[in-house]
Protein chains: 2
Amino acid sequence: MRITIREVAAKAGVSVTTASRALNGSGRMLPETRERVRAIASELGYRPNSIARGLVQQRSFTFGMLTNDTYGRFTLPVAAGLSEALLDRGVSVFLAAGKDDPDLVRLNLNAMEEKRVDGLVIAGKRIDRGLPVELPDNGIPTVHIMAACPEGGIGFAPDDLSGAKLATRHLIGQGRRRIAHITGRETFLAARIRAEGWQHALHEQGLAPFGPAVFGSWSEAHGFETARTMFGKNASSRPDAVFCGNDQIARGLIDGLGALGIRVPDDVAVVGFDNWEIFAQATRPPLTTVDMGLTEMGRQAGLTLLDLIDGKPVEAGLRHLPTSLVVRLSCGAEGAAQ
Amino acid sequence: MRITIREVAAKAGVSVTTASRALNGSGRMLPETRERVRAIASELGYRPNSIARGLVQQRSFTFGMLTNDTYGRFTLPVAAGLSEALLDRGVSVFLAAGKDDPDLVRLNLNAMEEKRVDGLVIAGKRIDRGLPVELPDNGIPTVHIMAACPEGGIGFAPDDLSGAKLATRHLIGQGRRRIAHITGRETFLAARIRAEGWQHALHEQGLAPFGPAVFGSWSEAHGFETARTMFGKNASSRPDAVFCGNDQIARGLIDGLGALGIRVPDDVAVVGFDNWEIFAQATRPPLTTVDMGLTEMGRQAGLTLLDLIDGKPVEAGLRHLPTSLVVRLSCGAEGAAQ
DNA sequence: CCATAATGGTTTAACGTTTGCGCAAAGGCA
DNA sequence: TGCCTTTGCGCAAACGTTAAACCATTATGG
């Protein structure tokens with residue numbers, strides 16, 4: 001049996017209450033008493049029982065994170081930021097990676113309700129789709145990350161618009177003028193917004209988009225194929241840079257260009273989106289790309305949830321977190337980071 | 001305030017005790033009474049408070065998973081299997097993705113102790129390294145997944161040996177005879193074992209390994225470079241197949257071969273290891289690779305932990321779980337799955 | 001010197017469950 | 001009838017902690 005506060009109190013010769021207060025830094029008592037209790041607690045290896053505390057305080061010091069991202073590409077950075085922000089507040093995070101099966105989601109949601117999580121993070125893969133389940137209003141403070149955020153809810157998403165502008169402007173800054181855009185399915189809001197950012201940044205400088213945005217799947221295959229269709233023609237009618245909607249498309253494009261004997265970044269500069277590090281770094285050449293700040297997003301979501309629980313005023317709505325450009329070699333910049 | 005069992009009992013006109021027993025299917029009572037209580041509970045939307053139950057039963061119905069895999073490539077499939085196996089037993093899983101910082105690990109470990117997790121899963125990236133922290137003997141049942149397993153502990157790992165044999169035999173079955181092996185750092189036990197499996201499978205058929213195993217980093221770059229060194233010579237002294245130690249090396253190799261004008265699978269068949277799906281599928285051609293059964297590993301770890309907690313006899317030691325070959329196109333097989 | 005406040009605690013109740021034990025009523029058996 | 005068993009349920013304690021209320025003692029202010 002683990003050691004309880006009762007035994008600490010007994011050994012210290014004080015009441016359980018006093019021991020509790022000594023350890024929590026609350027109440028009034030002789031500094032000497034507090035120290036004695038603490039010394040004995042650590043000597044005995046006492047660990048407060050978070051469950052018992054939870055029962056009386058009506059809090060579990062526990063958050064739940066529900067996601068449908070099976071590969072963990074988005075989930076894990078978010079979860080890492082979340083955990084990290086909560087660690088020193090004593091809050092742990094349940095992770096339920098539940099695919100898109102409504103029944104599974106519901107079961108997980110149930111489990112979290114029974115566990116009395118203090119807060120809920122709904123994390124998705126796209127900003128215009130929510131869970132495959134109507135979230136019952138269970139009174140649990142909730143934030144949404146990269147997932148559709150219901151009316152009056154609180155959401156976090158990357159600022160796709162300025163991310164796209166960042167990438168495009170950088171290409172312009174590198175002297176590129178004929179900048180194309182290859183991206184994912186037009187049904188994705190993110191794809192439409194990024195395309196819009198690309199156009200904005202170009203118009204800003206009096207440049208015209210190089211053709212319409214090429215929508216397609218979010219896959220390498222799409223990038224690879226588009227290399228052929230876009231660069232197959234005579235060299236004079238080719239773009240000198242491409243901003244891609246994600247890193248996979250960018251990589252497919254680069255590989256496709258390689259197959260056509262077109263050099264990156266010499267002939268064509270390429271910028272991706274997502275900064276999926278393990279992937280972007282391995283691209284040849286390493287991929288310049290827009291970082292969505294997922295870890296920071298997780299951190300902020302955690303802090304916001306804490307505020308919400310503490311009853312602090314929290315503004316509803318969607319927060320677009322700043323993105324940043326990670327410059328590697330595919331854009332032709334000098335002195336790029338590896 | 002959430003609705004408690006007290007209110008259910010009151011509305012059903014029974015004592016709290018009877019209500020509890022009705023809902024848990026324990027005790028003796030009129031079937032009619034049991035049904036009435038249950039109906040009222042669901043009508044009221046009653047959710048048992050897992051915290052209160054945990055306090056009296058001295059269990060939290062909670063596992064902790066500690067990992068140092070930042071990308072989630074291994075962690076998320078394992079976590080998915082774990083959660084899934086535990087869901088219908090009412091157990092949820094805390095995830096702490098803690099890099100390799102000893103202090104962070106210790107903090108997370110502390111948090112889990114205070115949360116009174118019933119079981120602990122230590123998940124790593126390699127089978128010959130454990131946590132950067134000496135695990136205190138806190139009496140919490142623990143299993144290790146893809147991480148060094150202390151004396152007398154319980155561990156799960158892919159069967160690297162037979163996985164490597166599987167891959168190599170498949171290449172032999174495709175008519176390949178000059179089979180090379182490119183893999184990761186020799187300091188990794190997994191690299192040495194896979195190399196051994198490769199040799200075994202060849203000797204089995206009276207074939208000699210094509211040169212020594214080429215150890216290096218676990219990266220695409222290593223595969224890409226080795227394409228040059230291994231295939232740069234005259235065509236007669238080239239392998240006709242390569243078994244790679246992971247999917248990244250395989251992909252690097254394939255890309256490198258492409259750059260040399262060597263066709264996969266026509267000239268050289270390639271098999272990887274890991275079945276990192278999103279990656280293997282996007283390789284051109286799609287990568288035949290060894291699946292480590294990570295999800296199944298998570299599931300088994302969960303079930304084992306449950307047995308351990310229930311006091312059932314569980315044999316100590318490392319369990320090597322079967323791997324399977326996922327045949328795509330890079331090995332030249334007919335009728336391969338996409 | 002009295003009223004009041006501060007100090008350093010303790011006592012007691014509470015959080016929402018489960019569970020060992022008790023107990024009345026009904027049934028079975030000789 | 002008398003005794004034992006079964007049925008159906010309630011009482012009360014327990015899990016480990018926090019927190020509101022209380023209390024005796026000592027210090028403070030006018």
Side-chain angles (χ1 to χ4, degrees), chain A residues 1-38 40-41 44-62 90-91 111 113-118 139 309-310, chain B residues 1-38 40-41 44-62 90-91 111 113-118 139:
Chain A
M1 190 57 56
R2 287 203 81 93
I3 167 159
T4 77
I5 199 176
R6 200 187 313 276
E7 327 187 44
V8 174
K11 185 149 185 184
V14 296
S15 73
V16 171
T17 301
T18 302
S20 170
R21 288 211 262 252
L23 296 170
N24 292 319
S26 60
R28 300 168 313 212
M29 71 189 60
L30 287 178
E32 167 198 318
T33 306
R34 198 180 293 273
E35 264 322 303
R36 179 161 39 91
V37 173
R38 288 193 168 158
I40 288 177
L44 259 46
Y46 167 71
R47 294 290 146 97
N49 185 329
S50 172
I51 298 197
R53 172 185 297 167
L55 190 59
V56 54
Q57 298 200 148
Q58 304 282 60
R59 293 182 51 179
S60 62
F61 304 94
T62 279
V91 174
E113 278 191 58
E114 301 198 354
K115 292 284 187 322
R116 296 296 193 270
V117 294
D118 298 329
I309 289 167
D310 292 344
Chain B
M1 190 57 57
R2 286 202 83 91
I3 166 157
T4 77
I5 200 176
R6 201 187 312 274
E7 327 187 43
V8 174
K11 185 149 186 185
V14 297
S15 72
V16 170
T17 303
T18 303
S20 168
R21 289 209 261 251
L23 295 169
N24 292 318
S26 60
R28 300 168 312 212
M29 71 189 59
L30 287 178
E32 169 198 316
T33 306
R34 198 181 294 274
E35 264 323 301
R36 180 161 38 94
V37 173
R38 286 192 170 158
I40 288 177
L44 259 47
Y46 167 70
R47 294 291 146 97
N49 184 328
S50 174
I51 298 196
R53 172 184 297 166
L55 189 60
V56 52
Q57 297 199 149
Q58 303 282 61
R59 292 181 51 178
S60 62
F61 304 93
T62 280
V91 174
E113 279 191 58
E114 301 198 354
K115 291 285 186 324
R116 295 298 193 267
V117 294
D118 297 328

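Each chain gets a letter, A, B and so on, in the order the sequences are listed, and its residues count up from 1.
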Going by atom type alone, with no hydrogens or angles, which donor-acceptor pairs under 3.5 Å involve a side-chain atom of residues 3-11 of chain A and a protein atom two or more places apart or on another chain?
unit_1, atom_1, unit_2, atom_2, d
T4(A), OG1, R6(A), N, 3.1
E7(A), OE2, T4(A), N, 3.0
K11(A), NZ, E43(A), OE2, 3.3

Is any side-chain nitrogen or oxygen of T33(A) closer than 4.0 Å to OP1 or OP2 of dG9(C)?
-> yes
Is there any protein nitrogen or oxygen under 3.5 Å from a nitrogen or oxygen in nucleotides 26-28 of chain D, and what are the pairs?
none

Give the rounded distance in Å between these two atoms: [atom1] of [X] and [atom2] of [N].
| X | N | atom1 | atom2 | result |
| --- | --- | --- | --- | --- |
| M29(A) | dA24(D) | CE | C1' | 17 Å |
| L30(A) | dT7(C) | CG | C1' | 8 Å |
| Q58(B) | dC15(D) | CD | P | 8 Å |
| E7(B) | dT17(C) | CD | P | 9 Å |
| L23(B) | dG16(C) | CG | C1' | 13 Å |
| K115(A) | dG16(C) | NZ | C1' | 15 Å |
| N49(B) | dG16(C) | CG | P | 7 Å |
| I3(B) | dC15(C) | CD1 | P | 15 Å |

Please list, chain by chain and in numerical order, all residues satisfying side-chain contact (heavy atoms from CB on, under 4.5 Å) with [X], sequence neighbours excluded.
| X | result |
| --- | --- |
| Q57(B) | R53(B), F61(B) |
| A12(A) | V14(A), R36(A), V37(A), I40(A) |
| R47(A) | R2(A), N110(B), E113(B), E114(B), R116(B) |

Taking all non-hydrogen atoms of both residues, which atom of I51(A) and which atom of L55(B) are closest, and how far apart?
-> CG2-N, 3.9 Å
Each nucleotide of nucleotides 18-26 of chain C classed B (base within 4.0 Å of a protein heavy atom), S (only sugar-phosphate) or -, in 5' to 3' order, makes BBB------
Identify which nucleotide among dC15(D), dC15(C), dT10(C) has an atom closest to any side-chain atom of S15(A), counting heavy atoms from C-beta outward.
-> dT10(C)
May I ask you to say what R47(B) touches in the nucleic acid, namely base, sugar-phosphate or nothing, with a heavy-atom cut-off under 4.0 Å?
-> sugar-phosphate
One would report the end-axis bend of the helix from dC1(C)-dG30(D) to dA30(C)-dT1(D), five pairs per end and rounded to 10 degrees, as 40°
Could you tell me whether the side chain of L23(B) reaches within less than 4.5 Å of the side chain of R38(B), counting heavy atoms only?
-> yes
Determine which pairs satisfy side chain to side chain donor-acceptor pair (under 3.5 Å) with at least one residue from residues 21-30 of chain A, sequence neighbours left out, and list them in order.
-> S20(A)-N24(A)
Contacts of T18(A) that satisfy side-chain hydrogen bond (donor to acceptor under 3.5 Å, both in side chains) - sequence neighbours left out = S15(A)
Which residues share a side-chain hydrogen bond (donor to acceptor under 3.5 Å, both in side chains) with S60(A), sequence neighbours left out = D118(A)
5′-ward residue of the pair R116(B)/R36(B) relative to DNA chain D | R36(B)
